[in-house]
Amino acid sequence: MRVQFVLQEIWIGLRRNLTMTVSLIITVAIAMALFGTGLLVRAQVEASKSYWYDKIEVSVFLCAQTSSNPACNKQDATEEQKQALKADLEKLPEVAKVEYESKQQAYARFKERFSTTPGFVQSTREGDIPDSFRIRLKDPENYKSVAQAMLGRPGVDQVINEKQILDRFFRILGGLQGAALVIALIQVVAAVLLVGNTVRLSAFNRRRETGIMRLVGASNTYIQMPFILEGAIAGLIGGMFASLLLVASKFMLIDRVASQMQFASKLGWGTVIAVTIVSICFGVLLCAIASFLTLRRYLKI
């Protein structure tokens with residue numbers, strides 16, 4: 001009978017405040033979706049860092065006729081210069097591996113890496129990417145010493161560190177994560193305020209019932225339970241809608257970044273499921289705690 005009464009009170013409360021309940025569900029859904037998206041972006045960044053930082057290379061691009069560096073004099077690097085550069089690179093203690101990549105090999109690798117963006121590939125011709133030495137470092141942080149040893153040498157056009165490019169890309173993703181979490185925080189505040197207003201309105205509409213329950217000796221927990229469960233159920237429904245938005249976020253944002261930018265590894269469904277569960281639980285706890293705190297202040301029981 002007690003369980004039936006509590007369930008009946010929950011249904012009455014949700015039905016009486018239908019408009020505010022729907023508003024609360026929508027607000028919670030948006031807040032938890034943004035919160036979960038921030039977590040997904042963070043997981044994507046961490047997974048990409050651990051994957052790509054082990055594969056970071058330093059590229060020493062050699063002089064070519066198309067080089068803009070005045071020191072190259074619009075001439076290709078000679079074979080003697082290439083041999084001297086390779087020998088000096090292999091002597092450096094920071095270098096783990098040195099590979100020579102010709103223009104043809106560079107263009108083939110470029111077409112393979114950017115196969116998903118045919119317009120970009122078509123705008124690039126063989127020879128636009130010059131010959132280069134691709135260097136694997138023992139420690140990616142020791143880039144500067146290698147660059148200083150190569151810059152200004154005969155036959156060297158420029159030295160590119162992939163770590164700098166990746167760091168810039170990850171900062172962009174970090175900015176997306178921060179923006180999502182800031183907006184989620186604003187939505188969480190709005191959800192807490194809506195929970196408080198919904199609970200106060202529900203308590204006011206049922207003030208006669210709660211008064212009678214107190215007179216007959218009902219415990220505080222028994223009186224508060226329907227109101228707290230109303231908020232928790234609204235949070236649960238909002239969290240379930242948020243899970244659908246998170247799945248859409250994976251397909252439309254995370255996977256698209258992974259496929260088009262060619263920098264990030266694909267995010268697994270295990271991470272998405274874990275973030276979805278965390279978001280739903282957080283939404284339920286948020287609404288339940290907000291309801292409990294509002295009741296303690298409003299009902300004075």
Side-chain angles (χ1 to χ4, degrees), residues 44-173 257-266:
Q44 178 72 90
V45 170
E46 294 302 323
S48 299
K49 281 183 178 180
S50 61
Y51 177 81
W52 284 106
Y53 278 179
D54 290 338
K55 299 172 176 58
I56 284 177
E57 294 179 337
V58 174
S59 296
V60 178
F61 290 101
L62 306 181
C63 288
Q65 295 180 4
T66 57
S67 299
S68 58
N69 189 346
C72 291
N73 296 321
K74 301 295 182 180
Q75 295 179 352
D76 292 341
T78 64
E79 288 299 323
E80 291 78 7
Q81 290 172 340
K82 294 177 184 178
Q83 294 298 327
L85 289 171
K86 183 176 181 181
D88 290 343
L89 283 170
E90 291 175 342
K91 292 178 182 178
L92 293 175
E94 299 87 358
V95 174
K97 184 179 180 181
V98 179
E99 290 184 353
Y100 174 75
E101 186 175 69
S102 65
K103 298 176 183 179
Q104 295 77 19
Q105 292 172 329
Y107 184 65
R109 187 169 63 88
F110 171 81
K111 289 195 298 183
E112 180 181 357
R113 172 170 287 190
F114 295 96
S115 59
T116 57
T117 53
F120 190 30
V121 174
Q122 292 172 4
S123 64
T124 305
R125 296 175 299 175
E126 184 175 325
D128 289 344
I129 306 174
D131 299 335
S132 65
F133 287 108
R134 301 186 64 81
I135 306 164
R136 182 71 59 84
L137 299 179
K138 296 177 182 178
D139 184 356
E141 299 296 335
N142 294 331
Y143 153 74
K144 290 184 178 180
S145 59
V146 176
Q148 291 172 356
M150 290 294 104
L151 287 173
R153 292 283 300 273
V156 175
D157 182 12
Q158 57 180 327
V159 181
I160 302 296
N161 181 21
E162 291 182 354
K163 184 176 184 299
Q164 294 178 332
I165 301 173
L166 289 175
D167 285 342
R168 192 178 303 116
F169 173 70
F170 289 139
R171 281 197 296 270
I172 295 173
L173 288 181
V257 168
S259 60
Q260 293 187 0
M261 299 302 291
Q262 299 292 324
F263 282 112
S265 56
K266 287 290 185 71

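Just so it is clear, the model here is predicted, and its values are computed rather than measured. No hydrogens, no waters, no symmetry mates; every other heavy atom, side chains included, goes into these values.
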Can we say R109 and E112 salt-bridge, meaning some charged N sits less than 4.0 Å from an Asp/Glu carboxylate O?
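No, this pair does not count.
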Smallest separation among heavy atoms of [X] and [Y], with atom names:
X	Y	answer
Q81	P154	NE2-CB, 3.6 Å
R153	A84	NH2-O, 4.2 Å
P93	K138	O-NZ, 3.1 Å
V58	L137	CG2-CD1, 3.7 Å
G155	A77	O-CB, 3.8 Å

Just to verify, which of Q105, K103, K82 counts as forming a side-chain hydrogen bond (donor to acceptor under 3.5 Å, both in side chains) with D131?
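By the side-chain hydrogen bond (donor to acceptor under 3.5 Å, both in side chains) criterion, D131 pairs with just one of Q105, K103, K82: K82.
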Which one of L85, D157, D76 satisfies the side-chain contact (heavy atoms from CB on, under 4.5 Å) criterion with L62?
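Of all the options given, the one that passes is L85.
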Spatial distance of atom [atom1] ([X]) from atom [atom2] ([Y]) [nearest 0.5 Å]:
X	Y	atom1	atom2	result
K144	N161	NZ	CG	10.5 Å
F110	I129	CZ	CD1	5.5 Å
K97	L89	NZ	CG	14.5 Å
Q104	E101	CD	CD	10.5 Å
Q158	S132	CD	OG	10.5 Å
K74	S68	NZ	OG	7.0 Å

pair V159-V146: side-chain heavy atoms closer than 4.5 Å:
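Result no, sub-4.5 Å side-chain heavy-atom pair not found.
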Side-chain donor or acceptor of N69 paired with backbone N/O of A71 under 3.5 Å
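A pair under 3.5 Å: yes.
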Checking side-chain polar atoms at under 3.5 Å, does Y100 have a donor or acceptor matched by the opposite partner on K86?
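Checked: Y100/K86 side chains show no N/O donor-acceptor pair below 3.5 Å.
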